[in-house]
Amino acid sequence: MKDINGEIEYKGKKYKLVFDLNVMEKIQDEFGTIDKWADLTSGKDQEPSAKAIKFGFTEMLNEALEIEAEENGLEIKPFTLNQVGRMITEIGLENMNKVMQETI
């Protein structure tokens, strides 16, 4: 499996998103399957789940930060769910969800 990357811009700074096996595992642990999580975030048959969207984005953002930290010998401070919730609110749920769907 190849890592899939996306990118968002928030308050003038660009942040990478990584959807890899580590993120998949965390999503499966939280929601059972990737398909269930994807259904919850898509909003096709129901209102999109704020929890599922925030969780997925948080894991993708933090995975990108962890990779960057490992590659550059840096210390990182991971994003919290609340920080990501504020980020999504400011950028816009529809825009963020589009980026997430493109990334996965």
Undergrad: Which pair of heavy atoms, one from Ala69 and one from Ile76, lies closest together, and at what distance?
TA: CB-CG2, 3.0 Å
Undergrad: Could you tell me which non-hydrogen atom of Ile8 sits nearest to which non-hydrogen atom of Met87, and how far apart they are?
TA: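 So the minimum-distance heavy-atom pair works out to CD1-SD, 3.5 Å.
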Undergrad: Does CD belonging to Glu9 count more than 12 external heavy atoms closer than 6.0 Å?
TA: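 Enclosed: over 12 neighbouring heavy atoms sit under 6.0 Å from CD of Glu9.
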Undergrad: Side chain of Gln83, backbone of Thr80: donor and acceptor closer than 3.5 Å?
TA: yes
Undergrad: Mind checking what makes side chain to side chain donor-acceptor pair (under 3.5 Å) contact with Glu30, not counting sequence neighbours?
TA: Lys51
Undergrad: Does this structure show an ion pair linking Lys26 with Glu59, if we count only N-O contacts that are shorter than 4.0 Å?
TA: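 Yes, this pair counts.
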Undergrad: Give the C-alpha distance, both sets of side-chain angles, the deciding distance and a yes or no for side chain to side chain contact (heavy atoms under 4.5 Å, CB included) between Lys16 and Leu61.
TA: CA-CA 6 Å; Lys16 290 184 181 180; Leu61 286 164; over 6 Å; no
Undergrad: For Gln46 and Leu40, work out which heavy atoms get closest and say how close.
TA: NE2-CD2, 3.3 Å
Undergrad: Just say parallel, tilted or perpendicular for the rings of Tyr15 and Tyr10, cut-offs at 30° and 60°.
TA: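 Geometry flag for Tyr10 against Tyr15: tilted rings.
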Undergrad: For the pair Asn62 (side chain) and Phe79 (backbone), establish whether a donor and an acceptor sit closer than 3.5 Å, ignoring hydrogens and angles.
TA: yes
Undergrad: Testing the basics here: between Asp39 and Ser42, what is the closest heavy-atom pair and its distance to 0.1 Å?
TA: O-OG, 3.1 Å
Undergrad: Between Glu7 and Leu17, does the side chain to side chain contact (heavy atoms under 4.5 Å, CB included) criterion hold? Intermediate values first, please.
TA: CA-CA 6 Å; Glu7 188 175 79; Leu17 300 168; over 6 Å; no
Undergrad: Any chance you could measure Thr41, atom OG1, to Phe57, atom CZ, to the nearest 0.5 Å?
TA: 9.0 Å
Undergrad: To the closest 0.5 Å, what do you measure between CE (Met24) and OG1 (Thr33)?
TA: 10.0 Å
Undergrad: Could you tell me which non-hydrogen atom of Ile27 sits nearest to which non-hydrogen atom of Ile34, and how far apart they are?
TA: CG2-CD1, 3.7 Å
Undergrad: Rounded at 0.5 Å granularity, tell me how far CG in Leu81 sits from OG1 in Thr58.
TA: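 Reported to 0.5 Å precision, the distance equals 4.5 Å.
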Undergrad: Might you point out which heavy atoms bring Asp20 and Glu63 nearest each other, and give the distance in Å?
TA: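 Closest approach of Asp20 to Glu63, heavy atoms only: OD2-OE2, 2.6 Å.
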Undergrad: Between the side chain of Trp37 and the main-chain N/O of Ala52, is any donor-acceptor distance below 3.5 Å?
TA: yes
